Number of protein chains: 2
Amino acid sequence: MSRNKFNDLNCSLSDSLNLIGEWWTILILRESFFGTRRFEDFQQQLGIARNILTARLSTLCESGILERVPVKQGAKRHEYQLTTMGRDLLTIVIALTQWGDRWLRKDQGVPVTFIERNNGEEIPKVCVRAKDGRELKTRDIAMLPGSGASEDTRNRLKQIAEKWEKRMQQESNS
Amino acid sequence: MSRNKFNDLNCSLSDSLNLIGEWWTILILRESFFGTRRFEDFQQQLGIARNILTARLSTLCESGILERVPVKQGAKRHEYQLTTMGRDLLTIVIALTQWGDRWLRKDQGVPVTFIERNNGEEIPKVCVRAKDGRELKTRDIAMLPGSGASEDTRNRLKQIAEKWEKRMQQESNS
DNA sequence: AATCATTAGTTGCAATTTGCAACTTTTTAT
DNA sequence: ATAAAAAGTTGCAAATTGCAACTAATGATT
């Protein structure tokens, strides 16, 4: 059977993963952020199979994350460039990299450091923050149905909230 | 041939993706953040095949993102709970969800809104920020070799920097 | 203690996906 | 004009995924 494209979950997370959750896709995006634009360069930097690269680049273009741009005026050959939508994935690329740095490189040391180009200051940890900049953890966050919530989503969120209540009570009793 | 476990790229991003980049893994983690702990509940909520769920939960436990905890004192049956390492992935789950909200739900409306549990305020956009809270974009960020950089990494970073210089010059000339 | 339902997996098989390498077709460079 | 590089495409073998049926424990009920 075909790989479920996570559809029925009424969650933007599944939608995102349908577009960028495939093998190689995020590494291709990382290369894009590094300035790589040409098929051959992606292929050599990543060592990805050419047919897979073709497929991924096509999906990324179709979904509006990359766009094909002529190499120069009127040329038929093209480059793959990040769109605004694609550049907005920077957060995710950096967050994943930082997480790997923190948890998988404890001993070996960090391979790459991100700094601000202006002043050379190290980029702080990307994390969920309140308006005032405090880092928020799981238990600081709750969920409400949004404007596009289905009946299913509403029910699920209610369930989750109740379960959470119950757990908090248990904890305070013990 | 086996799926390349992106090894030779000396980048924490590839390491992260090796652990959480597989199909279903991030959705399983989302369920964990929602409070799901039992095999059967993951299975029903996600509709994932049981063998795949088994495989993913095992990988997640082996890599220290989840841990198996007895359901109660001395019970042999267990639950899957996020570790600190796992909870630190909240950033990524929320960032991916928000990205989907922004770019894939323009019309339909957002299914779920994240708020602060304390005060009900909406959670701001997760993004790369400077210390003072400014959102940083791709061009505000540069990379330096870190303490664990291989010779290859150093060379690559040098290349990238040079390429960037060149591009900036071209832009200023035109 | 015996029976039954639930939970948590396992197994086998069919359908997809991936990787590799060789081949084609345009462009670009000399 | 010729050669080399760029950008894919194609065919086939190997690996992964999904499904459904099966098994083995636990927990609940009588």
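Since we're looking at a predicted model, the values are computed, not measured. Note that these values count all heavy atoms, side chains included, but never hydrogens, waters or copies made by symmetry. Order of the sequence lines sets the chain letters (A, B, ...), proteins ahead of strands, with each chain counted from 1.
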request  = Return the nearest nucleotide to the side chain of B:Arg38; candidates are C:dT7, C:dT18, C:dG9.
outcome  = C:dT7
task = Indicate whether OP1 or OP2 belonging to C:dT18 is found under 4.0 Å from a side-chain N or O atom of A:Trp24.
result = no
ask   = How long is the line joining CD of B:Glu79 and P of C:dT7, in whole Å?
value = 13 Å
key: Nucleotide C:dT10, atom C1' - distance to CG of B:Leu53 in whole Å   = 13 Å
task = Give a yes or no on whether A:Glu122 atom CD has more than 12 heavy-atom contacts from other residues, nucleotides or ligands under 6.0 Å away.
result = no
ask   = Ignoring hydrogens and angles, are the base of D:dA7 and the side chain of A:Arg50 linked by a donor-acceptor pair under 3.5 Å?
value = yes
ask   = Between atom CD in B:Gln43 and atom C1' in C:dG9, what is the gap in whole Å?
value = 11 Å
task = Consider only side-chain N and O atoms of B:Asp41 and B:Thr36, and report whether a donor and an acceptor are under 3.5 Å apart.
result = no
request  = Please work out if A:Tyr80 contacts a base, only the sugar-phosphate, or nothing of the nucleic acid, heavy-atom cut-off 4.0 Å.
outcome  = sugar-phosphate
message = Checking contacts here: which listed nucleotide (D:dG8, D:dA7, C:dT18) is nearest the side-chain heavy atoms of A:Glu40?
response = D:dA7
message = Per the ring-ring contact (aromatic ring centres under 6.0 Å, His included) rule, what does the pair list look like for residues 57-79 of chain A, sequence neighbours excluded?
response = A:His78-A:Tyr80
query = Picking from C:dT18, D:dT9, D:dT17, which would you name as closest to the side chain of A:Arg56?
reply = C:dT18
message = Can you see whether B:Thr84 engages B:Arg87 through a side-chain donor-acceptor pair at a distance of less than 3.5 angstrom?
response = yes
key: Main-chain N/O of B:Gln45 paired with B:Glu31 side-chain donor or acceptor, under 3.5 Å   = no
key: Atom pair distance, as rounded to whole Å: CG in B:Asp41 and P in C:dT6   = 14 Å
inquiry  = Can you confirm whether the side chains of B:Gln81 and B:Arg68 place a donor and an acceptor under 3.5 Å from each other?
reply    = no
message = Taking only side-chain N and O atoms of B:His78, does any of them lie within less than 4.0 angstrom of OP1 or OP2 on C:dG9?
response = yes
query = Has B:Lys163 got more than 12 heavy atoms of other residues, nucleotides or ligands less than 6.0 Å from its NZ?
reply = yes
task = Select one nucleotide: of D:dA6, D:dT17, C:dG9, the one nearest the side-chain heavy atoms of A:Arg77.
result = D:dA6
message = In whole Å, I'd like the distance from the CD atom of B:Gln45 to the C1' atom of C:dT7.
response = 16 Å
query = Whole-Å distance between C:dT17 C1' and A:Asn18 CG?
reply = 16 Å
ask   = When the nearest nucleotide of DNA chain D is assigned to A:Phe39 and to B:Ile52 on a heavy-atom basis, which residue is associated with the more 5' position?
value = A:Phe39
key: Between the first and last five pairs of the helix from C:dA1-D:dT30 to C:dT30-D:dA1, the angle of the axes, rounded to 10 degrees   = 30°
Euclidean distance, atom CG of residue B:Leu46 to atom C1' of D:dT17 [Å, nearest integer] = 15 Å
request  = Select from B:Gln44 and B:Asn51 the residue whose nearest nucleotide in DNA chain C is closer to the 5' end of that strand.
outcome  = B:Gln44
